[in-house]
Amino acid sequence: MDIAIVGSGYVGLVTGACLAHIGHTVVCVDNNAEKIRQLKAGHVPIYEPGLEELLEKYRKNSRLTFSTSIAEAAKKASVIFIAVGTPSKKNGEADLVYIENVAREVARNMDSYKLLVEKSTVPAQTGDRIARTVRLNLPSSSGKDKKGAVEFDVASNPEFLREGSAISDFMQPDRIVIGVESKRAERLLREIYKPIKTKIVVTNVATAEMIKHASNSFLATKISFINSVAQICERVGADVGKVAEGMGYDRRIGRSFLNAGIGYGGSCFPKDVDAFIRLAEKNGYDFSILKSVRQVNEEQKQSFIRLIEDKLWILKDKTVAVWGLAFKPDTDDMRRAASLDVIEALQAEGALIQAYDPQAMDNAAKMLRNVKFCPDPYAAARGADCLLLLTEWTEFSGLDMAKVRELMRQAVIFDGRNFLDEKSVGDLGFEYYGIGGRRNA
Ligand code: UGA
């Protein structure tokens, strides 16, 4: 099938590469001419495991092309996925200006049936808005559906891709959600996903939009729940990791997304929780559970910062080593990363930061000031008064911690992800502070 993906960010590029991989002809569109130029030259602007290889393979055999022109792409493709950004406005609401632009542009260039598919995370009822925008901008109609006007459908097909494992999430999903208002749209989307064997949930558009809201918000709720449990664990001498394990064997609960830490970050959960709260508010409902989820997430970072301030005593001119900056491992993404808040709070007290991250240092350098970025984890530890582990990159589990101990001025670890083994670092003489009762001092 001929498919256009408008928006060549994380979601758009992964979707484009994977749709090409399962046999479709895809054009990825973006209005950033420099990005498209780089993609055409084989340069991938983001780090996502496996993405570069797929893009390279299908770019070379021309099953995947890149363009800055929505008009051109919309003319050729019968299905247009909308994967543009939906940033937060000041009040938490999603800003849909890019979505509207795409709908308008596609409509103005439509000369045959098109299926427009929402891929970006959007508030419920955006499907209706897109349909209305298309109707108002169709060249052959004066704003109304009438015989002879070009036909179209709008569908919702939310993505459930995690950064860092987006390709395998696409190829082996737990489910595919298709929100449609016509049989034709359902048939087309089923056809597109035919090579992927999984459960397909077919709903109307508003329900599919709600599935996405509810899924991300529920996952964020799991994280804030376990982080609250961690707070009590700390106070009563329990171990939150074991609590999560004990809960997780219950199939009704499940072990995943019960890792206590310094809170969730990234481009999705913080924004999506805000947007869901706002959507509820607009519809006259106070989504108080989600407000607490957001508050707990914020407090989690603050209590980690307070712990460091307490144990380090004077922060002025102390050197703090930071391992991990990205909002999670296997990505170079720094958006809403907890490391930003932690580092800025310590710098405000006069601490000197030397940091290492396997992929995110270039992006971090654009967002942080006065940080010494180091070529490897050992260099970051050299001369440090304490070490913060803020992202659980696998690389940090295989290091020579005796050597790290030697390099540091004071052997103190604050593990914001409960990633290191408190016993083995304790045996090497480290004071260790994790989250939720994991500590040896
Ligand atoms: C999330 C969802 O997991 C995807 O299903 C969804 O498609 C995506 O948002 C989206 O809406 O686009 P992502 O933000 O890439 O994916 O990353 P996650 O793996 O969900 O992690 C989010 C944050 O939660 C990270 O900061 C991570 O460190 C934190 N987290 C996750 C925890 O603190 N504890 C956990 O147990 C799990």
Side-chain angles (χ1 to χ4, degrees), residues 7 9-15 46-49 51 83-88 94 118-123 157-170 172-177 208-209 211-230 240-241 243-245 247-248 253-276 293-294 296-298 300-301 304 324-342 360 389-393 415-419 434-436:
Y10 279 96
V11 173
L13 284 179
V14 171
T15 306
I46 51 168
Y47 173 74
E48 178 64 36
L51 180 61
V84 293
T86 53
S88 291
E118 298 169 354
K119 203 57 169 155
S120 311
T121 303
V122 289
N157 168 223
E159 50 86 14
F160 302 103
L161 311 173
R162 285 163 301 174
E163 287 180 22
S165 56
I167 306 279
S168 56
D169 285 348
F170 190 100
Q172 292 111 34
D174 291 340
R175 78 308 204 181
I176 291 172
V177 173
E209 290 167 337
I211 291 174
K212 174 69 194 216
H213 279 300
S215 300
N216 270 12
S217 297
F218 186 75
L219 291 170
T221 304
K222 269 188 113 175
I223 299 170
S224 279
F225 181 84
I226 201 67
N227 281 334
S228 292
V229 172
V240 72
V243 173
E245 188 188 338
M247 289 167 67
I253 299 172
R255 172 65 185 80
S256 59
F257 280 71
L258 286 181
N259 294 325
I262 41 173
Y264 57 78
S267 66
C268 303
F269 286 176
K271 177 167 79 76
D272 292 355
V273 167
D274 282 352
F276 206 10
V293 165
R294 181 168 64 184
V296 167
N297 196 55
E298 208 39 54
Q300 202 60 15
K301 280 178 280 193
F304 187 67
L325 296 163
F327 84 96
K328 59 179 257 181
D330 296 323
T331 179
D332 60 354
D333 199 340
M334 283 297 296
R335 285 175 291 177
R336 307 279 284 260
S339 64
L340 295 170
D341 295 314
V342 173
L389 193 148
L390 301 185
T391 317
E392 65 277 33
W393 287 92
D415 185 353
R417 300 290 175 184
N418 281 352
F419 187 65
I435 304 285

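Side chains are part of it too, since the values below use all heavy atoms of this structure and drop only hydrogens, waters and symmetry mates. Atoms within a ligand are numbered from 1 in the order they appear, just like the ligands themselves. These numbers were taken from a predicted model, which means no experiment stands behind them.
If you check which protein heavy atom lies closest to atom 28 (O) of ligand 1, you get Arg417 NH1, 3.3 Å. In terms of protein heavy-atom proximity, atom 21 (O) of ligand 1 is nearest to Lys328 CD, 3.9 Å. Taking atom 37 (C) of ligand 1 as the reference point, the nearest protein heavy-atom neighbour is Phe257 CD2, 3.5 Å. Scanning the protein heavy atoms around atom 3 (O) of ligand 1, the nearest turns out to be Arg162 CG, 3.2 Å. Shortest contact from atom 23 (C) of ligand 1 to any protein heavy atom: Tyr264 CB, 3.6 Å. Counting only heavy atoms of the protein, atom 15 (O) of ligand 1 lies nearest to Glu163 N, 2.7 Å.
Residue contacts with ligand 1 include Cys268, since one or more of its heavy atoms lies under 4.0 Å from the ligand. Residue contacts with ligand 1: Gly265 is included, with a non-hydrogen atom under 4.0 Å away. In this structure, Thr331 does not count as a contact residue of ligand 1, since none of its heavy atoms falls inside 4.0 Å of the ligand. Distances shorter than 4.0 angstrom do not occur between any heavy atom of Arg336 and any atom of ligand 1. Taking 4.0 Å as the cut-off, Lys212 counts as a neighbour of ligand 1 on heavy-atom distance.
Between Glu392 and ligand 1, no N or O atom pair is found at a separation short of 3.5 Å. Distances between N or O atoms of Val11 and those of ligand 1 include no value under 3.5 Å.
Between the Asp332 side chain and the Tyr47 main chain, a donor and an acceptor come within less than 3.5 Å of each other. When atom types are taken as modelled, the side chain of Glu48 and the backbone of Val14 share no donor-acceptor pair closer than 3.5 angstrom. The backbone N or O of Gly266 sits nowhere less than 3.5 Å from a side-chain atom of Arg335 that would complete a donor-acceptor pair. With hydrogens and angles disregarded, no donor-acceptor distance shorter than 3.5 Å links the side chain of Lys328 to the backbone of Tyr264.
Only the side chain of Ile223 comes within 4.0 Å of ligand 1, counting heavy atoms alone; its backbone N, CA, C and O stay farther away. Of the heavy atoms in Glu159, both backbone and side-chain atoms come closer than 4.0 Å to ligand 1.
Atom CD in Gln172 sits 10.5 Å away from atom OG in Ser165 (nearest 0.5 Å). Distance check, rounded to the nearest 0.5 Å: CG of Asp415 to CG of Leu389 gives 5.0 Å. Between Trp393 atom CH2 and Thr331 atom OG1 the span is 7.0 Å, to the nearest 0.5 Å. Leu258 CG to Lys222 NZ: the interatomic distance, rounded to the nearest 0.5 Å, is 4.5 Å. Put simply, CD1 on Ile226 and CZ on Phe257 are 13.5 Å apart, with the number rounded to the nearest 0.5 Å.
One option in Thr121, Val14, Asn418, Leu161 has a heavy atom closer to atom 7 (O) of ligand 1 than any other, and that option is Leu161. The nearest non-hydrogen atom to atom 34 (N) of ligand 1, considering only Asn259, Leu219, Ile226, comes from Asn259. Here the shortest heavy-atom distance to atom 2 (C) of ligand 1, taken over Phe327, Phe269, Tyr10, Phe160, belongs to Phe269.
Listed by atom number, the atoms of ligand 1 under 4.0 Å from Asp272 heavy atoms are 11 (O). Close contacts between ligand 1 and Leu258 involve ligand atoms 36 (O) [criterion: under 4.0 Å to a heavy atom].
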Problem set entry | Criterion salt bridge (Lys or Arg N to Asp or Glu O under 4.0 Å) on Glu159 and Lys212, from CA distance to verdict | CA-CA 8 Å; Glu159 50 86 14; Lys212 174 69 194 216; 3.3 Å; yes
Exercise. Does the pair Phe170 and Thr15 meet the rule for a side-chain contact (heavy atoms from CB on, under 4.5 Å), with working shown?
Worked result: CA-CA 8 Å; Phe170 190 100; Thr15 306; 4.0 Å; yes
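In plain terms, the two heavy atoms of Phe276 and Ser217 that are nearest each other are CD2-OG, 3.2 Å.
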